[in-house]
Q: 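The structure that follows is given in the form of structure tokens.
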Amino acid sequence: MSRQSGGGIYAWLPRGFRGRKKSEQMVGGKQAAIGARELRVPTSQPAALWRQSERYDAYGPEMLRITDRHDRDMLYGPTNEEQITEIFSDAAKSYRDLPRMLYHIQWKFRDEVRPRFGVMRGREFLMKDAYSFDADFEGAKRSYNKQFVAYLKTFARLGLTAIPMKADSGPIGGDMSHEFVILAETGESEVACHKDLIEADWENTEIDTEGDLQPFVDSFTEKYAATDEERDPDAEMALGDDLVVARGIEVGHIFHFGTKYSKAFNAVVTGPDGAEITAEMGSYGIGVSRLVGGIIEASHDDNGIIWPEAVAPFKVGLINLKTGDEGCDGACEDLYGKLQDAGIDALYDDREGRAGVKFADMDLIGLPWQVVIGPKGVSGGFVEMKNRATGERQEISAEAALAQLTA
RNA sequence: CGGGGCGUGGCGCAGUCUGGUAGCGCACCUCGUUUGGGACGAGGGGGUCGGAGGUUCGAAUCCUCUCGCCCCGACCA
């Protein structure tokens, strides 16, 4: 899956990489669906940019500072508001350029005092960041709500129960900052919320993201949900049996921050009346590398990982029980070829070795489906198809298996 | 940054107290027997013991310095 290269720094090995890549695509797809456009800004940044927003000195030792050969101060980006705002500022001149939402998926570095939980909290990590630019607060609120809904859909698609919890929104105030927390046994802190928030099925809820999302968002935010430091004993008491307390991992954070950066970078457009409008901004993050850790944390059993189909490195694992046997090799290669032709990602175990090892390894890898082909099946004209999550097996023809996987 | 711990074949560890030239399990390679749920036998390869300096006839082991990593806390996607 991954291998540590230094404190809080990890290499992604092929199988883990595929899972991460799928997660990226999934997360990105949900951003595109609400109209965000993808771009990419560099990992290394000039310190001057951060001096302009007065964050260079404010950021502290978490920022990895670098000096280049000309003795210029640079840094490995812990986040990207400055770059994106500067880009927007250069390009947008008219109110007609608003609203605008941009996102990217990029590596960041935060020199955490104490990295831990492996990829869940590394120093170098992959993050999806979206930034919104609106003409006024009402517009910013619409953008915020779109992201709110997109986040619910994103996490639901990954089989995760992600609960939006009110977060500290700093000097801005209001309820325009939420952390999305998934529940997992090894979460880093204790969280509490109304049980309705956990039981909701949002993946299959139809939501018109162009309509008024406020009532929908309100239906969440009016229910109690709090991270460790925000908890309210009185409110929890009042909930009684509706209260759920569990460990949580923060995988996303959305917030509105007004004009802090648009002022610093003169992100100003001309309004319909010729007056200048300073863009209202918000930013919306999802820790993608952390998410992969969270998915595995939330979805495994004693035998190994159970990948959600949306982000599994491969959809199906093909096991040749008797490599070297003409019938088994032929049947496997035939099906493997057909799966590839159909565009189905398949992992083929053609190792020589004992059946038990292959079964155990495939369960450990945790692909959603397994197709087992052995001498019995070859002579009987069937393959065995197993669902990793339920353990359900069925003996069906190779054609039926193919049909089911391509459906 | 405070507190604790650990660096010995690819992985997990023993050996360190009480110095005598490195061992175990797994993995790997070869051959044979096995073969639908983590096989067995025989043989084999691989480590200047994190690094530097010191003490000593002799250092994985003792001393000094240094680097790295892990865990607990305060902090973060």
Side-chain angles (χ1 to χ4, degrees), chain A residues 3-10 13 23 27 59-64 77-81 103-130 147 151 154-155 160 162 164-165 167-168 170 177-182 186-189 227-229 248-255 283-294 302-304 319-325 327-328 349 351-365 370-380 382-384 386 391 393 395:
Chain A
R3 183 177 184 84
Q4 184 167 34
S5 144
I9 303 173
Y10 294 84
L13 306 185
S23 304
V27 169
Y59 216 88
E62 269 200 346
M63 184 153 74
L64 180 62
T79 183
N80 310 86
E81 279 84 6
Y103 80 98
H104 77 333
I105 296 174
Q106 179 62 293
W107 291 97
K108 297 186 172 187
F109 196 98
R110 291 184 194 168
D111 200 355
E112 297 282 344
V113 185
R114 178 148 114 73
R116 65 186 114 177
F117 306 122
V119 99
M120 298 281 285
R121 184 171 162 195
R123 292 195 295 170
E124 184 171 313
F125 56 98
L126 188 65
M127 199 160 161
K128 185 283 298 178
D129 262 322
Q147 286 286 168
Y151 272 40
T154 299
F155 297 124
L160 298 172
M165 299 195 169
D168 179 25
S177 178
H178 286 89
E179 291 181 7
F180 285 74
V181 174
I182 58 175
T186 61
E188 9 178 11
S189 64
T227 54
D228 204 14
E229 60 281 2
I249 302 163
E250 184 186 352
V251 289
H253 194 172
I254 61 177
F255 59 97
S283 85
Y284 317 89
I286 291 179
V288 176
S289 46
R290 165 177 285 195
L291 193 55
V292 176
D302 290 344
N303 296 321
I319 297 178
N320 185 342
L321 275 190
K322 194 167 184 180
T323 301
D325 176 271
C328 291
D349 185 353
R351 292 175 301 175
E352 291 186 27
R354 305 179 68 81
V357 174
K358 298 184 190 181
F359 289 135
D361 283 351
M362 200 58 90
D363 280 349
L364 183 67
I365 291 168
Q370 296 174 11
V371 173
V372 178
I373 296 182
K376 276 188 214 164
V378 168
S379 58
F382 63 86
V383 302
E384 185 177 299
K386 175 180 162 183
R393 300 155 202 256
E395 292 184 351

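Note: hydrogens, waters and symmetry copies are ignored here, and every other heavy atom, side chains too, is used. Below, chains carry the letters A, B, ... as their sequence lines are ordered, and counting in each starts from 1.
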Q: For D111(A) and C75(B), give me the distance from atom CG to atom P, rounded to whole Å.
A: 18 Å
Q: Taking atom C1' of C29(B) as reference, at what distance in whole Å does atom CD of E352(A) sit?
A: 15 Å
Q: Provide, to the nearest angstrom, the distance between the CD atom belonging to E62(A) and the C1' atom belonging to A77(B).
A: 11 Å
Q: Can you check ring-ring contact (aromatic ring centres under 6.0 Å, His included) on F180(A) and H178(A), steps first, answer last?
A: CA-CA 6 Å; F180(A) 285 74; H178(A) 286 89; 7.1 Å; no
Q: When the distance from CE of M127(A) to P of C76(B) is rounded to whole Å, what number comes out?
A: 14 Å
Q: Quick one: pull up CD1 in I105(A) and NZ in K128(A) and give me the separation to the nearest 0.5 Å.
A: 8.0 Å
Q: Nearest heavy atom decides the nucleotide; on that basis, is V288(A) or G118(A) closer to the 5' end of RNA chain B?
A: G118(A)
Q: Under 3.5 Å for both donor-acceptor distances, Watson-Crick or wobble: does C28(B) have a partner, and if so which one?
A: G44(B)
Q: Please determine if R393(A) and E384(A) form a salt bridge, counting it only when a charged side-chain N lies under 4.0 Å from a carboxylate O.
A: yes
Q: Run the salt-bridge test on K358(A) and D363(A) with the 4.0 Å N-O cut-off and return the result as yes or no.
A: no
Q: Pick the P atom in U8(B) and in U61(B), then give their distance to the nearest Å.
A: 14 Å
Q: If I pick the P atom on A52(B) and the same atom on G68(B), what distance separates them, to the nearest angstrom?
A: 16 Å
Q: Please work out if D363(A) contacts a base, only the sugar-phosphate, or nothing of the nucleic acid, heavy-atom cut-off 4.0 Å.
A: base
Q: Starting at atom CD1 of I105(A), determine the distance to atom P of A77(B), rounded to an integer number of angstrom.
A: 18 Å
Q: Check the side chains of S283(A) and H253(A) for a donor-acceptor pair under 3.5 angstrom, ignoring hydrogens and angles.
A: no
Q: Watson-Crick or G-U wobble partner for U33(B), using a 3.5 Å limit on both distances?
A: A39(B)
Q: Taking only side-chain nitrogens and oxygens of R114(A), does any of them come within less than 4.0 Å of OP1 or OP2 of C1(B)?
A: no
Q: When rounded to the nearest Å, what value does the distance between C1' atoms of G25(B) and G15(B) take?
A: 15 Å
Q: Of the nucleotides C75(B), G36(B), C11(B), which has the atom closest to the E112(A) side chain?
A: C75(B)
Q: Looking only at atom P, what distance separates C72(B) and U30(B), rounded to whole Å?
A: 42 Å
Q: Would you indicate which nucleotide in G37(B), A74(B), A77(B) comes nearest to any side-chain atom of A355(A)?
A: G37(B)
Q: Going by ring centres under 5.5 Å and near-parallel planes (under 30°), is F125(A) stacked on A77(B)?
A: yes
Q: Could you give the distance separating U66(B) and G10(B) at their C1' atoms, to the nearest angstrom?
A: 27 Å
Q: Let's test this: given Watson-Crick or G-U wobble pairing with both distances under 3.5 Å, identify the partner of A22(B).
A: none
Q: Across the strands shown, which category fits G374(A) at heavy-atom distances under 4.0 angstrom: base, sugar-phosphate, nothing?
A: base
Q: Both S189(A) and F117(A) contact RNA chain B. Which one's nearest nucleotide lies toward the 5' end?
A: F117(A)
Q: Report the nucleotide, chosen from C76(B), G38(B), G37(B), that has the shortest atom-to-atom distance to any side-chain atom of R290(A).
A: C76(B)
Q: What's G6(A) touching, base or sugar-phosphate or nothing? Going by heavy atoms closer than 4.0 Å.
A: sugar-phosphate
Q: Output the rounded distance in Å from CG (D325(A)) to P (G36(B)).
A: 13 Å
Q: Would you kindly give the CG-to-P distance between D228(A) and C75(B), to the nearest whole Å?
A: 10 Å
Q: Is R116(A) near enough to G73(B) that one of its side-chain N or O atoms lies under 4.0 angstrom from OP1 or OP2?
A: yes
Q: What does P61(A) touch in the nucleic acid at a heavy-atom separation under 4.0 angstrom: a base, only the sugar-phosphate, or nothing?
A: nothing
Q: Does the structure show a Watson-Crick or G-U wobble partner for G68(B), both distances under 3.5 Å? Name it, or say none.
A: C6(B)
Q: Both distances below 3.5 Å, Watson-Crick or wobble geometry, any strand: find the nucleotide opposite A74(B).
A: none
Q: Taking a pair as Watson-Crick or G-U wobble with both distances under 3.5 Å, which nucleotide is matched to A60(B)?
A: none
Q: Just N and O in the side chain of R354(A): are any of them under 4.0 Å from OP1 or OP2 of A39(B)?
A: yes
Q: Could you measure the distance from the CG atom of L126(A) to the CD1 atom of I286(A)? Nearest 0.5 Å is fine.
A: 11.0 Å
Q: With the side chain of E384(A) defined as its heavy atoms from C-beta on, choose the nearest nucleotide among G36(B), C76(B), A39(B).
A: G36(B)
Q: Mind checking if R123(A) touches a base, just sugar-phosphate, or nothing, with heavy atoms under 4.0 Å?
A: nothing
Q: Taking only the P atom of each, what is the distance from C31(B) to C6(B) in whole angstrom?
A: 44 Å
Q: For C70(B) and Q4(A) - does any side-chain N or O of the residue sit under 4.0 Å from the phosphate oxygens OP1/OP2?
A: yes
Q: Can you figure out which of C75(B), C1(B), G38(B) approaches the side chain of V113(A) most closely?
A: C1(B)
Q: Look at all strands and tell whether G324(A) reaches a base, only sugar-phosphate, or nothing, counting heavy atoms closer than 4.0 Å.
A: nothing
Q: Any side-chain heavy atom of R110(A) within less than 4.5 Å of one from M63(A)?
A: no
Q: Testing the basics here: between L160(A) and G294(A), what is the closest heavy-atom pair and its distance to 0.1 Å?
A: CD2-O, 4.2 Å
Q: Let's see if you can work this out: which of G36(B), A77(B), C1(B) has an atom nearest to the side-chain heavy atoms of P375(A)?
A: G36(B)
Q: Between R121(A) and E112(A), does at least one N-O distance fall below 4.0 Å, as a salt bridge requires?
A: yes
Q: The side chain of F359(A) is closest to which nucleotide in this list: G36(B), A77(B), G38(B)?
A: G36(B)
Q: Could you work out the separation of C17(B) and A60(B) based on their P atoms and round it to a whole Å?
A: 12 Å
Q: Tell me the interatomic distance from R121(A), atom CZ, to C70(B), atom P, rounded to whole angstroms.
A: 12 Å
Q: What's the closest nucleotide to the side chain of A360(A) if the choices are G10(B), G38(B), A77(B)?
A: G38(B)
Q: Taking atom C1' in both A59(B) and G20(B), compute the distance separating them and give it to the nearest angstrom.
A: 10 Å
